[in-house]
Amino acid sequence: MRKNIVAGNWKMNTTVAEGLELAKAVVAQSKDLGENVSLVVAPPFTHLVSVAEALKGSKVSLSAQNCADKASGAYTGEVSVDMLVSANCTYTILGHSERREYYGETDAKLVEKVKLALAANLSVIFCVGENLEQREAGKHFDVVKEQVANVLFNFTAEELSKIVIAYEPVWAIGTGKTATAEQAQEIHAFIRSVVAEKFGAEVADNMTILYGGSCKPSNAKELFACPDIDGGLIGGAALKAEDFIAIAKSF
Ligand code: 13P
């Protein structure tokens, strides 16, 4: 049985104090959450140590939003996987479209990052998704397949068990525009078939695939009811504990 996950990507939002308050609210409100869903929060790097403290003893896991593509050394401004582990992270998001688009994150760099994360025993939330132009040209299946193949096909079936895929159509991120449940289910099933083709049906069946892109309490239920959607990677709505928990309760 694959895991259902609702993960909150806080992006570049909140001060340390605000983030701590948000984490505490998430912990408090997650107490009556069922066993059928796991929660993850991904605050900015500066917040990790104090948020980790707030999450202690709770069911909420800590994720980074990125990591360096090098293990250590003279790489000013970068944060290594060992640093993340020492800050009590158990996950890192990698390959978010904002990193690909604004910070030149390439598939080759992502292979290095995933390698380092897995070697440090971090689970990875690996993001894929097409932009509007690609969707309108009917290229979304090809784009997503290439993103999965270029990076994840470099790993073994066993390594894949530590990886979660997040499908995030760029045109739905922060736009208020959500993929319809049909559009999301269609491409999630396709991603699962791409994984199955390379790694076999069992690995694909066990792979958690999250939807991201204007997911909120009002549409989460319909999205999560789809057979190949195993939760969400939530941006804006993760900045309010009530909304984030309401989404998690949509299973
Ligand atoms: P929004 O939920 O704000 O659209 O962001 C989605 C996202 O990019 C999560 O990583």
Side-chain angles (χ1 to χ4, degrees), residues 2-11 37-45 48 51-52 55 60-72 78-101 103 105-129 144-168 173 188 191-192 194-196 198-199 203-213 228-235 238:
R2 56 184 181 254
K3 221 173 163 179
N4 292 324
I5 298 174
V6 171
N9 176 8
W10 297 1
K11 307 191 180 183
V37 55
S38 300
L39 287 185
V40 178
V41 291
F45 288 136
L48 292 173
V51 168
L55 300 185
V60 187
S61 301
L62 185 62
S63 177
Q65 298 175 16
N66 183 30
C67 71
D69 62 337
K70 301 283 193 300
S72 68
E78 290 296 308
V79 176
S80 75
V81 288
D82 287 349
M83 294 171 191
L84 298 181
V85 170
S86 72
N88 287 318
C89 285
T90 51
Y91 282 87
T92 184
I93 297 171
L94 287 175
H96 192 282
S97 60
E98 288 150 17
R99 302 249 13 123
R100 293 178 191 261
E101 189 181 343
Y103 301 99
E105 199 123 305
T106 60
D107 289 337
K109 259 198 186 149
L110 285 169
V111 172
E112 294 312 308
K113 291 185 180 200
V114 174
K115 254 187 217 163
L116 286 164
L118 294 179
N121 210 23
L122 282 174
S123 295
V124 171
I125 300 174
F126 178 71
C127 304
V128 297
V144 165
K145 184 174 184 172
E146 198 176 295
Q147 289 169 334
V148 170
N150 285 354
V151 179
L152 298 187
F153 283 12
N154 293 288
F155 296 91
T156 64
E158 200 192 331
E159 287 170 320
L160 247 70
S161 68
K162 295 276 288 179
I163 298 175
V164 169
I165 295 176
Y167 166 70
E168 300 203 306
I173 295 178
H188 277 236
I191 293 168
R192 204 177 297 288
V194 169
V195 173
K198 171 79 178 171
F199 297 99
V203 173
D205 272 351
N206 289 328
M207 169 70 71
T208 295
I209 307 179
L210 308 180
Y211 170 79
D228 287 292
I229 301 180
D230 311 310
L233 181 54
I234 319 299

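Shortest non-hydrogen contact noted between Ala42 and Ala64 is CB-O, 4.0 Å. Contact record, Ala238 with Asn9: CB-N, 4.3 Å, taken as the closest heavy-atom pair. Minimum heavy-atom separation, Ala52 to Ala87: CB-O, 3.5 Å. The shortest non-hydrogen separation linking Val60 to Leu55 is O-CD1, 3.7 Å. Residues Ser63 and Leu48 approach most closely at O-CD2, 3.7 Å, considering heavy atoms. The minimum heavy-atom distance linking Arg2 with Asn206 is given by the pair CB-O, 3.4 Å.
Listed by first and then second residue, the side-chain hydrogen bond (donor to acceptor under 3.5 Å, both in side chains) pairs that reach into residues 79-94 come to none, sequence neighbours excluded.
Within the 4.5 Å cutoff, side-chain heavy atoms of Ile209 are placed close to those of Met207. At least one side-chain heavy atom of Asn121 sits under 4.5 Å from a side-chain heavy atom of Lys162.
Scanning for side chain to side chain contact (heavy atoms under 4.5 Å, CB included) contacts around Ala157 gives Phe199, Val203, with sequence neighbours left out. Evaluation of the side chain to side chain contact (heavy atoms under 4.5 Å, CB included) rule for Glu112 yields Asp69, Lys115 as partners, not counting sequence neighbours. The ring pair (Phe, Tyr, Trp, His ring centres under 6.0 Å) check on Phe126 picks up nothing, with sequence neighbours excluded. With sequence neighbours excluded, no residue forms a ring pair (Phe, Tyr, Trp, His ring centres under 6.0 Å) with His96. With sequence neighbours excluded, the residues forming a side chain to side chain contact (heavy atoms under 4.5 Å, CB included) with Val79 are Phe45, Met83, Leu84, listed by chain and number.
Between the side chain of Arg192 and the backbone N or O of Asp228 there is at least one donor-acceptor pair closer than 3.5 Å. Under the 3.5 Å distance criterion, the side-chain polar atoms of Gln147 are matched with a main-chain donor or acceptor of Gly129. Remark: side-chain polar atoms of Arg99 are not paired, donor with acceptor, to backbone N or O of Glu105 under 3.5 angstrom.
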